[in-house]
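To start, the structure under review is shown below, and the notes come after it.
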Amino acid sequence: MQNFNYHSHTYRCGHADLDMKDEDYIKEYIKLGIKKMAFTDHSPLILDKRPNIRMDYSEKDEYLNSITKLKQKYNNKIEIETGFEVEYLPGEEKNLLILKSETDKIILGQHFIYDDDKNLKTFRNNNFSDSELIKYAQYIDKALELGIPDIIAHPDLFLKNSKTFNQMESEISHMICKSAEKYDIPLEINLSDVFEKIFYRDGKFNDLSISEARKEINNVRYPNANFWKIASNYNVKVLYGIDAHHEGQIMLFDKLIQLSNEIIGNDTIKKLQFINEL
Ligand SMILES: [Zn+2]
Ligand SMILES: [Zn+2]
């Protein structure tokens, strides 16, 4: 099993468990035998102030201080890093580079673009036109060109509402993989949808056996097997990310990986270049 995880949230984003303290996540990682983790909570952004999506700039110092304290407290048990999950937006470049300079790990979890009226358009209940999908892939490329992220989180998120995988979906997948290869930035197989669609339905945690869990596998929207098949033909590094927001989620790491691998398919998994550390 991968013994590190660089995708972990805190209560500050407003949509993770509000009663989980930062230290509670650390305890789960240690219990599981994880050797290295990074807190990568949703970063503050100047241009996105929606509630319960991300922390505010006023919370940033307290967040970083909290992690630094835990780093010291647990330094003989687990390596802890600071970080943020960020999104690229034109106009936000300077702020993102400052966040990078202040932390160990930045993951790019791009969920939106600006539409033509300069409103944020996310994949939540929204269909993207072909030109909007291209813009989405260009945002990712731009973030890499600027040297912002260390990891591209859920590169197949754009497929979450797609029932089909046709030429456009294929083209966007190629664009994202080409960018990752060009800038040598790893792609993350994100485990959050497996967790939420199988073990956390209707906001309630339910541990299931693998055979029980497997019956629900068709509800999972990503990882997307078609995307990862394309990715397996590129010279890109790959890692798993728990994207932890909830109590108990970390402890399911093994099962979440197993189910994701079954979704992606063994032939593809064998070809992907998994990394050992970063
Ligand atoms: Zn989140
Ligand atoms: Zn995340």
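Every number for a ligand or one of its atoms is a count from 1 in the order of the listing. Model, not experiment: these values are computed from the prediction.
By the ring-ring contact (aromatic ring centres under 6.0 Å, His included) test, His9 pairs with His7, His42, His245, sequence neighbours left out. With sequence neighbours left out, Ile53 forms a side-chain contact (heavy atoms from CB on, under 4.5 Å) with Asp48, Arg50.
For Lys271 and Asn233, the side-chain atoms include at least one donor-acceptor pair closer than 3.5 Å.
Leu18 shares a hydrophobic cluster with Tyr11; the chain of contacts runs through ILVMFWY side chains whose heavy atoms sit under 4.5 Å apart.
Salt-bridge formation is not detected for the pair Lys71/Glu81: no Lys NZ or Arg NE/NH1/NH2 atom is positioned less than 4.0 Å from an Asp or Glu carboxylate oxygen. Between Asp22 and Arg12, at least one side-chain nitrogen of the basic residue sits less than 4.0 Å from a carboxylate oxygen of the acidic one, meeting the salt-bridge criterion.
Around the Zn ion (ligand 2), protein N, O or S atoms at less than 2.8 Å comprise His7 NE2, His9 NE2, Glu85 OE1, Asp243 OD1.
Nearest N/O/S atom of His15 relative to the Zn ion (ligand 1): this is NE2.
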